[in-house]
Number of protein chains: 2
Amino acid sequence: MDNRPIGVFDSGLGGLTAMRKLVEAMPNEDLIYLGDTGRVPYGGRSKDTIIKYARQDIEFLLGHDIKAIVVACGTVSTVALEQISGEYDTPIFGVVEPTAWKAAKLTASGRIGIIGTVNSVNSGAYDRAIQRFRPGSYTFSKACPLFVPLVENGRVNRGDRVIELVVEEYLSELREQEIDTLILGCTHYPLLSDVISDFMGSGVKLVSPGEETAEYLIKKLRQADALAQPDRPGRHRYYVTDSTEGFERLASLFMDSDISGEVSQTELF
Amino acid sequence: MDNRPIGVFDSGLGGLTAMRKLVEAMPNEDLIYLGDTGRVPYGGRSKDTIIKYARQDIEFLLGHDIKAIVVACGTVSTVALEQISGEYDTPIFGVVEPTAWKAAKLTASGRIGIIGTVNSVNSGAYDRAIQRFRPGSYTFSKACPLFVPLVENGRVNRGDRVIELVVEEYLSELREQEIDTLILGCTHYPLLSDVISDFMGSGVKLVSPGEETAEYLIKKLRQADALAQPDRPGRHRYYVTDSTEGFERLASLFMDSDISGEVSQTELF
């Protein structure tokens with residue numbers, strides 16, 4: 001039994017997909033979320049800068065006596081984690097392994113698509129992980145650099161001509177490749193599930209990294225007997241690097257509950 | 001005569017429109033450019049965060065014994081400058097006054113459009129300045145939050161369906177208002193001049209803040225007898241907060257000359 005909190009971080013809001021899954025599945029766990037909203041997005045920055053920001057995010061969470069970290073950021077998970085996770089004693093869970101494992105399990109044809117930021121796609125991290133879990137799979141990846149700003153501008157709904165046009169542009173090649181499973185390799189992308197699913201067709205299963213990683217963490221904590229005491233109420237704290245107001249409003253929608261008293265602004269060094 | 005350098009800063013690449021104008025008009029001036037590429041974009045962040053970043057940008061430049069600062073960032077100029085410029089002895093030139101003055105001079109009908117980031121438009125800074133220079137003008141403003149990510153992704157050319165669709169969406173109202181002058185109130189936007197001009201029609205004059213502010217600074221330095229010695233060669237230095245590589249390539253295109261030896265990475269505190 002381990003009542004210490006779990007830390008979750010992302011460049012911005014996207015990691016709340018993982019946070020929500022953890023809140024629902026483990027209401028007795030203390031959770032601390034960090035969104036680096038003063039420096040979002042990470043997706044197009046250089047590898048060195050992504051590593052620097054990731055270390056600052058991790059060290060902030062380590063200052064809160066946590067038992068594990070979920071890196072709910074596709075860019076950090078694919079670009080930085082391999083290099084830096086060994087620097088820390090606390091277990092750090094990125095999104096790549098659980099998501100690739102789930103995709104490998106879901107696919108029937110072995111044809112799997114991967115979408116993400118430029119850096120995530122260039123890293124090849126998902127492709128390698130899928131080959132480990134299902135050797136001989138065909139992977140097709142495509143960078144979608146406009147998806148994050150579109151999501152952050154709320155352009156996520158069916159009927160929005162801009163997001164529909166961008167989805168068509170980015171995903172046409174993947175549709176031609178007749179994939180049957182698509183990894184939404186950036187935690188912002190599940191907000192586009194409706195539009196993506198309409199375009200790809202109902203035969204393509206979408207895999208959401210935040211949710212898969214939350215499920216994987218729960219399994220690992222259970223195996224290690226490191227879950228919190230079952231009958232206690234979990235406490236949740238949110239930290240952001242830009243002001244709390246915009247985040248409180250959007251995150252409350254995202255979490256489907258009012259979190260406005262639970263958010264604080266912080267600095268990262 | 002004053003041979004100290006002029007400092008120019010922006011959240012990213014956009015301020016190079018001002019930098020290029022200064023290089024061309026005053027080849028004998030030393031110039032220092034700062035692009036906060038590790039934290040771009042500023043446009044959607046909170047006022048407090050914009051002010052914090054602006055102070056760090058200004059203080060970095062002040063560490064280089066400069067004689068004047070050009071704030072080549074529409075968001076900082078409109079949201080932060082009024083509040084913080086009084087904190088410093090060095091003269092600081094934002095883009096609002098010179099750009100509004102030029103627009104007021106160019107308009108025949110007195111109907112002027114303003115486009116910018118959400119924060120810039122909400123500040124009302126351009127509207128107020130235009131009323132001072134040309135009382136009774138009609139101003140029509142529209143936030144265009146997707147323009148910066150589109151420009152940063154190179155989506156600036158005629159025939160690009162995405163940028164054309166977004167331009168149509170954002171600018172239709174302004175076209176209906178029959179403006180004859182349009183302020184491109186963010187230093188990224190001049191890269192969209194072709195597409196914007198095609199949509200608005202040749203009767204609408206576009207005003208570029210970076211260029212206007214560079215011209216205004218030259219006039220002011222001349223009046224104060226603070227130009228550099230005429231026969232000396234100006235030296236140029238560029239500083240960025242993300243890695244230098246991506247910036248060197250894009251900025252060389254932007255400046256129409258190879259600046260790759262002149263760029264260094266720095267940190268801001």
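Since the structure is predicted, the reported quantities are computational estimates derived from the model, not experimental observations.
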Interface residues of residues 183-199 of chain B facing chain A - non-hydrogen atoms under 4.5 Å apart: none
Counting heavy-atom pairs under 4.5 Å to chain B, which of Pro145(A), Gly246(A), Pro149(A), Ser46(A) comes out on top? Ser46(A)
Within residues 259-269 of chain A, residues adjacent to chain B where the heavy-atom gap is under 4.5 Å: Gln265(A), Glu267(A)
Can you tell me if Glu82(B) has over 12 outside heavy atoms packed within less than 6.0 Å of its CD? no
Tell me, side chain or backbone of Tyr53(A) under 4.5 Å from chain B's heavy atoms, or both, or neither? side chain
Inter-chain contacts: residues 168-176 of chain B against chain A, heavy atoms under 4.5 Å: Glu168(B), Glu169(B), Tyr170(B)
Look up atom CG in Leu165(B) and atom CG in Leu165(A), then write down how far apart they are to the nearest 0.5 Å. 6.0 Å
With only heavy atoms counted, which part of Val148(B) is less than 4.5 Å from chain A, the side chain, the backbone, both or neither? neither
Heavy atoms from other residues, nucleotides or ligands near CZ of Arg128(A) exceed 12 (cutoff 6.0 Å): yes
Under 4.5 Å heavy-atom distance to chain B, tell me which part of Val40(A) shows up: side chain, backbone, both or neither. both
Interface residues of residues 238-245 of chain A facing chain B - heavy atom cut-off under 4.5 Å: Thr241(A), Asp242(A), Ser243(A)
Heavy atoms only, distances under 4.5 angstrom: which of Arg39(B), Arg45(B), Arg161(B), Arg155(B) has the most pairs with chain A? Name it, please. Arg45(B)
Counting only heavy atoms not in Glu178(B), do more than 12 fall under 6.0 Å of its CD? no
Please classify the contact of Lys47(B) with chain A as side chain, backbone, both or neither, using a heavy-atom distance under 4.5 Å. neither
